[in-house]
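Before any comments, here is the structure.
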Number of protein chains: 2
Amino acid sequence: MPAISTTTPAAAPRVPDGGSASRQHTLRERNLRLVAAAVFEATAPPSRADVAAASGLTRATVSTLVDRLVAGGLVAELPPVAAQRAGRPAVPLVPAGRSVVGLGLEVNVDYLGVRALDLVGDVVAERVETGSLHDSDPREVLARLRALAAEAIAEVEAAGMRVAGARLALPGLVDARGARLEVAPNLGWSSLEPVPELDLRAGDGRALDVEVANEAKLAALAELAGDVPPSFLYVSGDVGVGAGIVVDRQLFLGERGWNGEIGHVVVDPSGPRCSCGASGCLEQYAGKEVLLRGSGLPTSAPVDAVVDLLRAGDVAALDTVRRGGRALGAALATFVNLVDVSTIVLGGAYVELYGWVGHVVAGVVEERALAAPFAPVDVRPAAAGKHAALTGGAREVLRSVVADPARWV
Amino acid sequence: MPAISTTTPAAAPRVPDGGSASRQHTLRERNLRLVAAAVFEATAPPSRADVAAASGLTRATVSTLVDRLVAGGLVAELPPVAAQRAGRPAVPLVPAGRSVVGLGLEVNVDYLGVRALDLVGDVVAERVETGSLHDSDPREVLARLRALAAEAIAEVEAAGMRVAGARLALPGLVDARGARLEVAPNLGWSSLEPVPELDLRAGDGRALDVEVANEAKLAALAELAGDVPPSFLYVSGDVGVGAGIVVDRQLFLGERGWNGEIGHVVVDPSGPRCSCGASGCLEQYAGKEVLLRGSGLPTSAPVDAVVDLLRAGDVAALDTVRRGGRALGAALATFVNLVDVSTIVLGGAYVELYGWVGHVVAGVVEERALAAPFAPVDVRPAAAGKHAALTGGAREVLRSVVADPARWV
DNA sequence: GCGCAATAGTTCAGCCGTACAACAAAACGC
DNA sequence: GCGTTTTGTTGTACGGCTGAACTATTGCGC
């Protein structure tokens, strides 16, 4: 709709979030979304009548919409269960399992992998390869990832499921469109468009919808599967320290998708020099390599090794981790003052170290967060398990399916 | 819609941003918004046909919608101007002036006031009273503000205009609902609900829609009147240092509306003590009182006095301001790394000091912002004039009118 | 000066999706 | 076993958008 007006000089109005023109079928799309959300976010399987009551639509309308979702394989009907009550028994509605799946992909410093989730949240396929990818060749690594993904796709399609799309997690700066990786220092990658390189395809040859995102941000989304408030800050502690900001169950990406770079918050301008050029960056206190080295371990050692030392009461390890915790707390307090969140989820390496850093971080944040007197900040370890970004990526694909069911029915 | 389901244990689905049930009149509302946005955000007055082309609606539909907006006093028709072209001349559509007005209110440390803006952006009424409100009595001050507002309302209603609502700017922590002031240290106010206290009413006695917001955040919105990118960070330098985050022309408030508290970002942990309890907060380097004291002036002096000293080459003033600029740059670099914006607008006292701090801030930010190599950060002075929060508040009211025209036609 | 082409805006039948009300289905309770 | 209750479905009414035909008003060529 270029709207090349020749009458008045230039009349190309920007269309804000209201989106585009609403027609009759827009009603359908919106109400389908509403009904899908009602089924997917309910705490107990609702009936058509429940959905009608909750959404404000009539039972008649809800019925036709639910029928469409059932036909499209997004929603399933459980066998009607007779309630302890007069009246025709209700048909409970639940997300349909083994029908539509989302793919989570990840390339990180020490592994690459694929995970397929269905709408119930079950893992229906998974492939993981470990090994150092430090300073690796993107073409070669993405080819290996494509092979893994193709295996997973073949597996789920053989079982009669449809693949809705994929999200690729990378440890670096990715633009908000999900197309371009600007730089991933720890992989040694830069200026790259991984999507055409991957060229993922379904069994019938059609190109899959693939988007790239930052690893910490997708890992943050994995937390939404558990018992977490709608808004929180997720901090992923690895070689780098990244963060994902979730507001009202949605990622806040900032102008270009580059927010959450907490690793280079300056904790102390007179501190140690950082690879980024500045001094006293958080990464120099709470990055994985610093924690390992400070504990007298090689940087290739696993975090478990630090935990062993901490358990044994090793003074160097205890000092290093405590110092890292204080620095992390200071940086997080700044974060809380600037973006305002009341829950901080510590992920990545910090999960295993939580017993030692948790209270340190919480103490410093409580002390420095301006709003703490009115609303204390909750600091907790991440609940999603290993390779959280795989789960988060797959969930994000499925979220987009539920958010626009009209495209899948 | 409580949805007290008695069938299944609990089925109260959360309804996400999709909102509530969409009916026929929802289409009307959405398309009215679309058409209103097309008229209000066009660079040149569009015709009905232009709006149709830009929105994707048919000319028939646009016609009925525009007629409704004209009848409601939101849009006006200019006399048809014969273009240099065959065909019936178009009727240019413009925002209707002197019809609907928004009210901006503010109570700050050194003044209180009201400003009324119409949809064109013209100031149609204004009342300002200066004087120190440090440690003032909220009841008394709000009563004075109510009197000023009543005068302004009477004035615009006498001229046949309707008041759509008001926004009250306060220098403190305000919740996201816009109801409760948690604390405003420099006023000495705390735990307050100013809206019922103000109890603003239109001439016919109906209660006006009033919301409270942080002063820096409303001032940020005032910038949208000028030539500013859709996403930016606005920093208001006063006694305290606050910020407003604007993403895609909308305020980002954070979980509870308490974000942007940049004044208490720790610039140097070994720096001077701050009233908040921590050490080395930005406010202790770049707050107005510190800049005045550092220049050898009383804290009651105006910022102009510092400018005079700077012009005269006063060494103490130059040092103090330069030090403040460096601290501000460091804090802003952190901000940029955490929330990702590419434009920083310096407002409040920093406008007058811009000639001395601008390049210092820009230099430090450029040096420390992680994304700077890919996309340089633009630092600029605020364009909105004095009492920007008044303009921003009034504009915010009018934005809500244009965003939901169905309520006003 | 007049007819033709071009553009703006309006009118009206048709379609689509929702509401409303009546109805069919399937349980409970006395 | 029959009324009551609740679920889910069927059919009609209504509102809002589309598309095509129509009117209004200009410029241009002859």
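Keep in mind that the numbers below use all heavy atoms, side chains included, and drop hydrogens, waters and symmetry copies. Letters A, B, ... are given to chains in the order of the sequence lines, protein chains preceding strands, and every chain is numbered from 1.
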Nearest whole Å is fine: how far is [N] [atom2] from [X] [atom1]?
{"X": "B/Leu27", "N": "D/dC14", "atom1": "CG", "atom2": "P", "answer": "19 Å"}
{"X": "B/Arg28", "N": "C/dT18", "atom1": "CZ", "atom2": "C1'", "answer": "16 Å"}
{"X": "B/Glu77", "N": "C/dG9", "atom1": "CD", "atom2": "C1'", "answer": "11 Å"}
{"X": "B/His25", "N": "D/dA13", "atom1": "NE2", "atom2": "P", "answer": "22 Å"}
{"X": "B/Leu78", "N": "C/dA8", "atom1": "CG", "atom2": "P", "answer": "16 Å"}

- Query: Between A/Arg59 and A/Gln24, who's closer to the 5' end of DNA chain C by nearest nucleotide?
  - Reply: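 The 5'-side residue here is A/Gln24.
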- Map A/Asn31 and A/Arg88 onto DNA chain C by nearest heavy atom, then report which one ends up closer to the 5' terminus. A/Asn31
Measuring from the side chain of [X] (C-beta onward, heavy atoms only), which nucleotide among [options] has the closest atom?
{"X": "A/Ser47", "options": "C/dA19, D/dG8, D/dC17", "value": "D/dG8"}
{"X": "A/Arg85", "options": "D/dT25, D/dT6, C/dG9", "value": "D/dT6"}
{"X": "B/Arg48", "options": "C/dG9, C/dA19, D/dC17", "value": "C/dG9"}

- Item | Sole candidate of A/Ile153, A/Leu117, A/Val397 that passes side chain to side chain contact (heavy atoms under 4.5 Å, CB included) when paired with A/Leu103 | A/Ile153
Has the side chain of [X] got a donor or acceptor atom that lies under 3.5 Å from a matching backbone atom of [Y]?
{"X": "B/Thr61", "Y": "B/Leu57", "value": "no"}
{"X": "A/Ser63", "Y": "A/Ala60", "value": "no"}
{"X": "A/Glu77", "Y": "A/Val91", "value": "no"}
{"X": "B/Ser99", "Y": "B/Gly73", "value": "yes"}

- Indicate whether OP1 or OP2 belonging to C/dA19 is found under 4.0 Å from a side-chain N or O atom of A/Thr58.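 Checking A/Thr58 against C/dA19: at least one side-chain N or O falls below 4.0 Å of OP1 or OP2.
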- OP1 or OP2 of C/dG17 under 4.0 Å from side-chain N/O of B/Arg23: no
- Nucleic acid contacts of residues 60-71 of chain B, taken as heavy-atom distances under 4.0 Å to DNA chain C: B/Ala60, B/Ser63
- Message: Could you tell me if B/Thr64 and B/Asp67 have a donor-acceptor pair between their side chains, going purely by distance under 3.5 Å?
- Response: no
- Partners meeting side-chain hydrogen bond (donor to acceptor under 3.5 Å, both in side chains) with A/Arg88 (sequence neighbours left out): none
- Query: If you find the nucleotide of DNA chain D closest to B/Ala86 and the one closest to B/Leu32, which residue's nucleotide is nearer the 5' end?
  - Reply: B/Leu32
